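Down below is the structure, laid out as structure tokens.
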Amino acid sequence: MSDIEYDNLFKELETLEREYPEYKLPDSPTVKVGSTGAKKFAQIKHKVRLYSLDNTYSYDDLALWYERLKKNYSLDNDPKLVCELKIDGLAISLTYKDSEFSFGATRGDGITGENITNNLRTIKAIPQKLPEKLAELEVRGEVFMPKSSFDRLNQLQRENNGKLFANPRNAAAGSLRQLDAQITKSRDLSMFAYYGRLDSNEQNIDSHSKMLEFLSSQGFNVNPEYKVCNNIQEAINYCKYWDKKRQQLDYATDGVVIKIDSFILQNELGFTSRAPRWATAFKFPPEEMSTIVEDIEINVGRSGAVTPVARLDPVYISGSTVQRATLHNFDEIKRLNINIGDRVLIKKAAEIIPKVICVTQHATDKKSSFVKPEYCPSCGTKLVEQEGEVNLYCPNHLGCPSQIKGRIEYWVSKDCMDIDGVGDSIVAQLVDRGMVTTPADLYRLTVDDFLKLDLIAEKSAQNLYDEISSSKNPTLARFINSLGIRHVGKETSELLARRFLSLENLKNASFEEIQKIDGIGDKIALSILDFFSNSFNNELLQNLKLYGVIPQEMQVNEGSDKFKGLTFVITGTLSDTRDVFADIIKQNGGKVSSSVSKKTSYVLAGDNPGSKLTKAESLGVKIINENEFNQLIGE
Ligand SMILES: [Zn+2]
């Protein structure tokens, strides 16, 4: 239900209750909100204890946990696992009697919690009534505040000179434990359900994954990202994936909960005094770490920009080992007053090079002794300054090995031509041996050429050749991005591809035509014109064409408002990535949402659609396959 629908119904109920007070129910939502209750919350003893989970921080420990279970309980086959994101919120328990929400409590110490029923009733993600007839159901979940709501709340607090919350978790906890439920209601809280317990199991639910589907069918918000895994390796891959992607979610997650799926097996494994044996939690590593600066090196980027980089005592942050962090520019070294041997704080944001935030402990009380270099460390050319910029540049664009390597590394990278296997060490060998000076040269190489490199076996030489060959027809957006035009990244490339449809059109575009595009300004337009007027770049484009590297032309699609007012949810495996379908929907004026609700107009379902389909069915949302989707656009 949308907020507007909810508010309208709420107002209608208030009017009806005023006119016909004899029909007003004692537990009506209109009386629940605002009831302040006692000074303190009453205690509630949980019927079934809420255990905490054992934590691990390493993938090796996860594998050990699984192997130990298999060995100790003589399991011959790999038991199935369910992986769920561990939401960083507040654990709660909800009890439904005769299909109605009866009471809810905080986790407390696991045995006794606080009765916060009135506050929980204000959260829309918590159903008041269940569609199915159930004598008793206990549901556990995590109440959280979306990151976007958290930002809004703190903005509001700032405007009203109120106290700022440190993080979404604190804000959720603070909002939930308000004595005045009206305040709770004003905070945008939500909940993900992750556990259900039925008193009599007439539904024959025999696994955790089936329970999640059941909860979803009863109107609970189940996190859509959960996954059933066949073995521990799949679970580890799930953890690795979300360690990288978690920043993109609108809610905070600090790890992954991994459970044995089968209830029979869960019962067999049982509990230790502290925690269930059949579940464990993998905690994501922290995103800021402190380490020692071992050296300050000079890096020459693909555009010739010369930047200082700190070489670090290796430290593990956000799923990978960091050995280098950028210091941005030479003024920054002065500002931080950084010396070799200093202890520094390193931060790694999603898909961005790690950076040094500050010095936490100076190794010496001397001023930073670092001096700006005069010559390029890669090619020896005298460095130049560019007007209005703090960076130094190596002007030897065509001959500087560092710049050549940088351009090739960028060309093969994931968001560009996405050529697997051509790693930094291979690029370094190809450039150092003079086999490659521009990206076009990659497409001239033979299997024999690769065999000349160090540590390359015949099979991988063939693989490298195949990978490079199969990248010859990229999408236009990918191709534009790969060119490395200054100020033109992934998103700008997509805008340009959509507007100009072919490389030829883009090359012939005028300053006005480019600059007019929404999201592209003068600076980018100038940089594009600059790029195509450069003879070196034109030679590169000609050579690429010569070797058969030709971007696909875009289909003419002017966009429409065919899907205006419609909301789609995409699930399962389709013939292309979900992003592609999301783009089509947006181009036609529609919206894409990540979870199914009554507001959803269509669920576009591919293979293995999972829980979203179940939820769509239970809510009566129309489900369409790819063919039907294509028909919708074609109409
Ligand atoms: Zn150089």
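None of these values were measured; they are calculated from a predicted model. Read the numbers this way: they start at 1 and go in the same order the structure lists the ligands and their atoms.
By the 4.0 Å N-to-carboxylate-O rule, Glu225 lies too far from Lys245 to be salt-bridged with it. Lys405 has no carboxylate O lying under 4.0 Å from a charged side-chain N of Asp424, or vice versa, which leaves the two without a salt bridge. Contact check on Asp449 versus Arg433 returns no salt bridge, with no Lys/Arg side-chain nitrogen under 4.0 Å from an Asp/Glu carboxylate oxygen.
A donor-acceptor pair under 3.5 Å links the side-chain atoms of Thr360 to the main chain of Arg343, judged by distance alone. Using modelled atom types, one side-chain atom of Asn329 and one backbone atom of Asp331 make a donor-acceptor pair closer than 3.5 Å.
Annotation: salt bridge (Lys or Arg N to Asp or Glu O under 4.0 Å) contacts involving residues 543-552, sequence neighbours excluded, are absent.
The set of protein atoms (N, O or S) found at less than 2.8 Å from the Zn ion (ligand 1) reads Cys376 SG, Cys379 SG, Cys394 SG, Cys400 SG, by chain and number.
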